[in-house]
Amino acid sequence: MLRENVIPDASTIAMLLRAAASIVKLGFEFNLFLQTGLLNFYAKVGNLESAKRVFVEMPERDSVVHNVMIAAFGKQGYVSDARKLFDDMPERSSFSWNSMISCYCRLGDIENARSIFDCNPLKDVISWNTMIDGYCKLGQLTVARELFDHMGCAKNTVTWNTMITGYVQCREFRKAISTFHEMQAEHVWPDEVTMISLLSASAHLGALDMGNWIHAYVRRRNFKIDVVLGNALIDMFSKCGSIDAALDVFYGLPKKNVFCWNSIIVGLATYGYGRKVIDTFIDMQKAGVKPDGVTFVGLLSGCSHSGLISEGRQYFSQMLSIYGIEPGLEHYGCMVDLLGKAGFLEEALELVKAMPMAPNTIVLGSLLHACQVRKDAKLTEQVAEHLLDLDPHDGGNYVFLSNFYASVNRWHDVEKCRKLMVEKGVQKTPGCSSIEVDNVVHEFVAGDSSHPQLSQIKLFLDDIGKKLISLGHQADMTPVLHDIDEEEKESAVRYHSERLAVAFGLMCTPPGKPIRVVKNLRACSDCHAAIKLISKLFERDIIVRDRSRFHHFRDGSCSCQDYW
DNA sequence: ATAGGGTTAG
């Protein structure tokens, strides 16, 4: 039962205790062997009090018993109890040392973990792995890598996995992938855990080729696609703009837990398939899986992206009453976005005022976007200033406010805004778009000319620009006129990062192959219009994942139907 | 008995 990870309940424990009692009744001596078994049981169940009682009552305690107790204390964060036992031990094995290291690491006490590690005369691969993971969990990747590079024993699969997941957890996705290549070069066999971490990295990078390779590898090695690996595949495919492949994996899974349902619902939502989101939500309940807060984020954002206003309102109001889930900040955020996008500005504003918690920058950002949709100057200014108060270090907010002032010709305020930015030392987050070509992720960052083919790409874009004009494209210069940095004005819109990435894709991939781009910010309106035409001009599907959703451009139009 | 794994609003 324990091996199957089924948590025993009180009646199971009662039965076991009865069995233990009958052992005594039958004349068996309640010896060290039986007591160790009982202690083990209590430790696994997490019943520390009973475990302690058995431990104290034992006539003699060997090293194994100590280790069980130390591990039990450690798992629940009772580090001083664990340490006391550890210090009192007559004879320590590597298990004891490793339990102590992992206990300190779990609590984030890296100094004590390290001093135990350094004193440990029996350092084995587990000691190294635990220590490396401890540093990774605190974001100290350089120290982790230092240990990783200078290990006193051979690395195993777990060692590599620890380093790779460390990079993924710290959002160093490219380093995660390059570390995997080193792992292959050293002929260490990757396992399911490796695949899951790599899938997460590919999902974030939008690296579909890498994701496809992993999928093929998983099948070649006959890895069992359980809920975790399945979920990682679903998430990778949907984040890489391949929602059909995500659906294939999803429907092919024999067992689906709430993670799997959530991933596919969130995936469908970012694609703007609102109806399908709702159908899937209904299927989820039919399958007997209870929705959670994340499910509602997907459901509500799905309604928002598809303009399903009454459905969104309905599900939001049912969250607590029917599903027993208290709406959180993120759910209010979805609703503000849903109402604001649809033009219900007053209602969105009322909701922000009525929220039981203070709005964050995301909520206010949605509200700001709603003000723009309605062109409400007074409210725009209010919200933008509130936003600056809340987060004075996000350059995007200053740019937005400055652009707003410029659009109403308040040049004095534009200047004030610019000065404030300089004073606070705030930098605008540069737009960054990436595209994967031949298994390499190419990044284009606004204002950065490090890409070796940048000048060719720009020439190609100029050429495209002329063709677009002949197709009737009128450049929307609003973002250029109002851009804060003088130098950026010239090339700002024409060389926006998403356009560089799309052009590079057109240059480097065979005709007919879909182009997939990932952008860190919201797509700009002029680029949106231009890419629509480019999709027609070059007869290419172009799939852009921006900060909030997918835009699938085909034959001159976009899947968002210009509602975004 | 000790190490590595998945979903979240713009």
Side-chain angles (χ1 to χ4, degrees), chain A residues 36 39-40 43-44 63-72 74-75 93-103 105 122 124-134 136-137 156-166 168-169 190-200 203 226-236 238-239 257-267 269-270 292-302 304-305 327-338 340-341 360-370 396 521-522 546-549 564:
Chain A
T36 307
L39 177 64
N40 230 312
K44 259 263 166 67
S63 152
V64 171
V65 175
H66 272 89
N67 287 336
V68 174
M69 262 334 271
I70 292 173
K75 277 238 162 74
S93 66
S94 63
F95 287 116
S96 332
W97 291 94
N98 293 338
S99 288
M100 268 331 288
I101 299 171
S102 83
C103 176
C105 283
L122 309 164
D124 58 12
V125 68
I126 296 181
S127 325
W128 288 92
N129 293 350
T130 312
M131 206 57 231
I132 291 168
D133 186 53
C136 286
K137 290 270 150 65
N156 64 10
T157 303
V158 176
T159 317
W160 288 96
N161 289 349
T162 304
M163 203 60 234
I164 292 171
T165 53
V168 172
Q169 279 156 4
D191 65 3
E192 288 88 341
V193 177
T194 326
M195 297 299 114
I196 291 160
S197 295
L198 288 175
L199 285 168
S200 173
D226 63 359
V227 283
V228 184
L229 182 51
N231 178 57
L233 282 166
I234 294 165
D235 186 51
M236 179 278 295
S238 73
K239 287 210 168 67
N257 66 5
V258 67
F259 281 84
C260 308
W261 287 96
N262 287 349
S263 288
I264 200 71
I265 285 175
V266 169
T270 53
D292 64 7
V294 180
T295 319
F296 277 91
V297 167
L299 184 59
L300 297 176
S301 73
S304 173
H305 289 312
L329 187 53
E330 62 275 33
H331 304 108
Y332 282 98
C334 292
M335 286 312 286
V336 170
D337 185 56
L338 178 138
K341 264 214 244 315
N360 63 2
T361 53
I362 300 178
V363 173
L364 290 180
S366 296
L367 201 55
L368 200 56
H369 183 65
L521 306 172
R522 216 166 169 276
D546 79 359
R547 194 175 189 133
S548 71
R549 63 165 295 153
W564 52 294

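In the text below, chain A, chain B and the rest are named by the order of the sequence lines, each starting its count at 1.
Partners of His305(A) under the ring pair (Phe, Tyr, Trp, His ring centres under 6.0 Å) rule, at least two apart in sequence or in another chain, do not exist in this structure.
Per the geometry, NE2 belonging to His66(A) stands 16 Å off P belonging to dA1(B), to the nearest Å. At whole-Å resolution of the value, CG in Asn129(A) and P in dT2(B) are 15 Å apart. One interatomic measurement links the two molecules: CD1 of Ile101(A) to P of dG4(B), which rounds to 12 Å at whole-angstrom precision.
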message: Protein within reach of the bases, or only the backbone? For nucleotides 5-10 of chain B, mark each nucleotide 5' to 3' as B, S or -, using heavy atoms under 4.0 Å.
response: BBBBBB
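For the residue pair Thr157(A)/Asp191(A), the side-chain donor-acceptor check at 3.5 Å is not satisfied. Side-chain atoms of Asp235(A) and Ser263(A) include no donor-acceptor pair closer than 3.5 Å. Of the N and O atoms on the side chains of Ser93(A) and Asn67(A), at least one donor lies less than 3.5 Å from an acceptor on the other residue.
Closest to the side chain of Thr162(A), out of dG4(B), dA3(B), dT2(B), is dG4(B).
Among the heavy atoms of the strands, none lies under 4.0 Å from Asp546(A).
Remark: the Asn98(A) side chain and the dA1(B) base include no donor-acceptor N/O pair separated by less than 3.5 Å.
A side chain to side chain donor-acceptor pair (under 3.5 Å) with Asn129(A) is found for exactly one of Thr159(A), Asp124(A), Asn98(A), Thr162(A), namely Thr159(A).
Between the side chain of Thr165(A) and the main chain of Asn161(A), a donor-acceptor pair closer than 3.5 Å is present.
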